[in-house]
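Just so you know, ligand 1 is whichever comes first in the structure, and atom 1 is the first atom listed for that ligand.
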Amino acid sequence: QGKRSNRGQVQVFTAEHVIAIEQNNQIEQVLSRADLEAELTVFFQPIIDVREERTVAFEALARWNSPELGRVSPDAFIPVAERTGQIGTLTCILLKKALAAAGAWPDDVRLSFNLSTHDISSSDGVTTIVGIIMSSGIDPRRLDLEITETAMMYDFVQAKTSIDVLKLLGCGIALDDFGTGYSSLSQLHALPLTKLKIDRSFVSDLHKNPASYKIVKSLLALSQDMGIGCVVEGIETSEELDALKKLGGVLVQGYYYSPPVAENETGKFLSESDAARKAG
Ligand code: C2E
Ligand code: MG
Ligand code: MG
Ligand code: MG
């Protein structure tokens with residue numbers, strides 16, 4: 001079975017395409033009748049300030065453990081939930097769980113939470129999010145909300161309005177996966193961003209790939225010019241970390257320090273950080 005692409009060539013569906021479509025259908029079916037409150041959990045990945053080796057934040061990352069499908073990656077089920085409209089329910093459950101975990105951390109440790117396209121594409125979506133934050137008891141100034149260029153492009157005017165509301169509430173606004181989307185710099189400039197997160201595709205082999213090195217260097221410079229923070233995602237090796245430090249990078253998230261961990265493991269990073277704070 002073939003499909004005409006816009007360039008007029010025939011694009012052939014391969015076996016992998018068919019398998020991917022079937023997997024998505026299966027995820028959609030199982031997700032629609034899942035007990036999300038019970039099956040969804042949140043893992044947390046530390047974001048480290050490399051100058052003091054201190055955990056300054058955790059990014060909340062969704063985990064779905066389905067009795068039928070086993071562990072499903074958020075890269076697989078979040079887009080399905082976006083398409084079916086179930087994402088609103090998912091976001092509520094995940095945000096509440098993430099905020100509850102953050103309640104146990106010291107006040108100077110931030111929580112970073114991923115918002116989806118849907119969450120910022122309607123005034124209802126953002127109203128719900130504001131309500132959850134307000135009733136959590138967590139100071140909104142401890143929160144960073146991560147958005148992507150793709151999410152902004154769906155309806156820029158509504159998305160910007162939503163972001164402005166969340167910024168007014170006191171939340172930080174982080175642009176996630178920076179460099180992989182298609183937004184124009186002038187549009188980005190219109191957003192009240194407080195952080196850039198450099199996508200990990202630019203980071204692998206930072207120490208020996210001149211192209212990656214130049215991109216990370218210029219994105220760090222851009223964030224400095226904008227007067228905002230910059231988190232470098234996906235640092236896996238000490239070579240990459242050293243190269244990044246030489247470039248003046250400060251905030252790092254990646255397997256080198258830690259993969260995402262369960263809520264009950266976040267404490268150990270904070271006590272290690274406490275020790276570093278006292279020693280420094
Ligand atoms: P993201 O927001 O860019 O999150 C970073 C992803 O990179 C996470 O994958 C994390 O586990 C992974 N990662 C971090 N450090 C390294 C590293 O050193 N090496 C490698 N190979 N990977 C690393 P994860 O948890 O599978 O999440 C994938 C994506 O799913 C996220 O990308 C985000 O776009 C989406 N997502 C996750 N949780 C949520 C959520 O609660 N809501 C929404 N809307 N999206 C979410
Ligand atoms: Mg993220
Ligand atoms: Mg990212
Ligand atoms: Mg990503």
Nitrogen or oxygen of [X] less than 3.5 angstrom from that of ligand 1:
{"X": "Pro260", "answer": "no"}
{"X": "Arg200", "answer": "yes"}
{"X": "Ser73", "answer": "no"}
{"X": "Tyr255", "answer": "yes"}
{"X": "Arg63", "answer": "yes"}

Taking backbone and side chain together, does Ser112 place any N/O/S atom at a distance below 2.8 Å from the Mg ion (ligand 2)? no
Find, among atoms of [X] that are N, O or S, the one nearest to the Mg ion (ligand 2), and state its name.
{"X": "Glu59", "answer": "OE2"}
{"X": "Glu146", "answer": "OE1"}
{"X": "Asp176", "answer": "OD2"}

Is any NZ, NE, NH1 or NH2 atom of the basic residue among Arg200 and Glu236 found under 4.0 Å from an Asp or Glu carboxylate oxygen of the other? no
So that I can tick it off, tell me whether Asp144 and Lys197 are bridged by a salt bridge, with the cut-off set at under 4.0 angstrom between side-chain N and carboxylate O. no
Just checking, is any N or O donor in the side chain of [X] or [Y] under 3.5 Å from an acceptor N or O on the other one?
{"X": "Asp119", "Y": "Thr91", "result": "yes"}
{"X": "Glu59", "Y": "Gln45", "result": "no"}
{"X": "Asp164", "Y": "Thr161", "result": "no"}

Return yes when Lys197 approaches ligand 1 closer than 4.0 angstrom through a heavy atom, no otherwise. no
